[in-house]
Amino acid sequence: MSATVPRLALLEVIGRDGRVAQTLDVQRWPLTLGRSLGADVVLDDPFVAARHATLRPGDDGQLTLEVGDTVNGVREGRRVHARGSRVPVPAGGATWQIGGLTLRLRTPDEVLAPEQPLAPEPAAGPRTLLLVALALAVLALGNHWRSLDPGHEFMDWLPLVAGLPLVLGLWAGLWATVSKIFQHRFEFMPHLRLALPVALAVEALDTLLSPLAAALDWPLLWRLVTPAQIALLLWLLHRHLALVLPQARRAVATFVGAAALAGAAVAISANWRSVDRWSHPAYMSELPLPALQWRSPEPAEALAADIAPLAEQLARRVQEAQDEEPPDGGGED
Amino acid sequence: MPLIPRATARLFAALAATLGLMAGAVAQPAARPAAAASEPEATAPTAAGQRIYERIRPQLLQVRTLLRTQDSQSSVGSGFLVDEAGHLVTNYHVVSQFALRPQQHRLVYATVDGRQGALQLLAFDVVHDLALLKAVDPAPLAGRGAVPLRPAELPLPRGARIFSMGNPLDVGFAVAEGSFNGPVERSFLDTLFFGGSLSAGMSGGPALDDAGRLVGVNVAARRDGEQVSFLVPAEPVRTLIARGRGATPITAPAWDEVARQLREHEARLVKAFLAQPWRNAGHPAYRIPVPQETWMRCWGRSSPAQSRGLQFERSDCEMDSRVFVSGPLLTGYITVRHEAYDGTRIGALRFAERHSASFGNEFVGPDDRLRTAAQCRERTVLPPPLPGAATAKVEPPLPLRAVVCLRGYKKLPGLHDLMVLVATIDGRTQGVQGRLDAFGVGAASAEALVRHYLAGFGRVATPAEAAR
């Protein structure tokens, strides 16, 4: 672009992925847009007319879009400007749909949107990441060792030793591929950096919190382990999506939040239907370790005394069931 | 506990109730009319069956439960006349669909000579699986005589020939000859052991001695053996006839009456169960409650010899006597199980994982049509010391993780399934898990059973502790 001719405006052709595919400096008015070679801006699209539109400032200096001899017209937002219409162009510029193309006109009067922050660089450096990976490996190997009997086959380790890296690699690779589609970057490491600590946390929650709940004789804590793991995975999903679609962070957060709420509501109501409780397990299955029993035991009588209130609770449920029952006294078959 | 799958050879399982059989109605060709109710005469044994059948023929009936709106039968069984007024006896399970849903079903009888007629249900004994019915129009059944009941003071010797009558599989009336083998051992309810074949459809038919008197009523057979069948003895039949004759016919769902009878049964059962002291399982470190085998059967199993993992020994005690209420509901019995684990070969860390996994792997039951979902309470408890001060001194306390769960019966208010799960939590590489199930018990019985079961656990003092 020559320094001597001032830039009156900038015309951008926007590709399907929302990125600018082509820019044109506008150095004089009027500017004709169309498929014919005589147009100032040649738009090679079968849905564009030979002389589709002209941009021209009026006597008062107001830039106007004149729609030419076209079948499809010019779409601006939700309105369609038909053949022959003259539309004033807003001071800051405008975006039009012409045929299959999106054109954006930027004028010197436009108000620039503030600069978007980049996704923050992860605080954890490669060394931290290595430590996390190491901790995950130790925890997973330890848990796997515990599940094997002495004298097990060497091959019994294969699912874990080969499986865990494979799954993590595929996971990060899959998200990196999605990044490639939206961001044109194969962001393998950033996605792996997100996934590794969450995998560690999910594994650690189970390994540490369950015995803690048993040691404290606190079944509620034990019941919360699985929901907490699911919440962590949802948070991970949110972070992956935010990395893939940084320009839509709010939409992503809303979507993941709504999905989480809906999922929780479905799970709780399904549990309520089948077992009359919000949480599915009937009791805490984790047994406290002999060395970690921090609540002193109660007399056995306390458990016998639990029966009467339990029976009362069930009597109400039985009454409800009888009220729901059709009056013919149906039932068995 | 089902770290280990449930006993594969469950020989003690499933008294296969002889119920439910779909087939076309069978009208037997008319035979000699009923007049031969004379005194029995001694004839050759080979002719006995023929003679008794000829005598019983007029009183023998097939009992069918039909859908109210059509003639399709939803179950068939047999029955027999017990008086001249048209009263007949069959099994409760033959007419249970009518008893529980009288709006959807109706009852009819068919005689050997092809007569048919409507029946009404007067009374039933759900625990002994008996029902008393009466023909709506007794006229066609008049003059046919009645099956006499063998007097209680006249015990039948073991090995005596008896003759079971009925209509097996709706094929046609039949005589099944077999031997009388006395009462079934270790059965809570009085049941007779009939060494003959009973098939579905014969339920409710009479089993007669060689004088044609009622010894028992066909009720069930074991499918895992040969000629192992069961009869309800004559005594409850007598009681039911006395109680039910002249009763108002049942026209509304009889759940309340079923519940009343089950409550009486469970009170008797639990009282008898609580009166028995626990046997000891003989574990070196723990006192584990095992029920007496008066009317339970215990089966044991241990880990395979080549197992390198967790070692276990398992005991499964179940009652044979179960009360049939409806197809999916068998109740009124108790089971007690335990598994003793030895984890010295796998070490403390692995043992803790197996112990928890096994404790978590227990079925307690979701909400279904007949029962509510199980609701549980869990605590870490100390069972009371053994009665007797001397023992209390030498037996150190044993902390237990214990869970009690109840499931309420939706149609039988006040009755529940009780589950008590217990796990020891003091051993680094050894432990015991126990489970008591009581089906169809009231809250008071459940409470007493929890107390009784927990008191059965304890720790056997080591020599050093005992010396102190």
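Just so it is clear, the structure is predicted and the values come from calculations on it, not from any experiment.
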If I take atom [atom1] from residue [X] and atom [atom2] from residue [Y], how far apart are they, to the nearest 0.5 angstrom?
X      : Y      : atom1 : atom2 : value
B:L400 : A:E298 : CG    : CD    : 12.5 Å
A:L287 : B:F351 : CG    : CZ    : 8.5 Å
B:R377 : A:L310 : CZ    : CG    : 4.5 Å
B:T380 : A:D217 : OG1   : CG    : 4.0 Å
B:R371 : A:L314 : CZ    : CG    : 13.0 Å

Contact origin within [X] toward chain A - heavy atom pairs under 4.5 Å:
X      : result
B:V404 : both
B:L329 : neither
B:I346 : both
B:A374 : backbone
B:R345 : backbone
B:R407 : backbone

Any idea which of B:L418, B:L382, B:L412 has the most non-hydrogen atom pairs under 4.5 angstrom with chain A?
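Of B:L418, B:L382, B:L412, B:L382 has the most heavy-atom pairs under 4.5 Å with chain A.
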
So, B:R354 and A:D149, do they make that salt bridge, N to O below 4.0 Å?
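Yes, this pair counts.
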
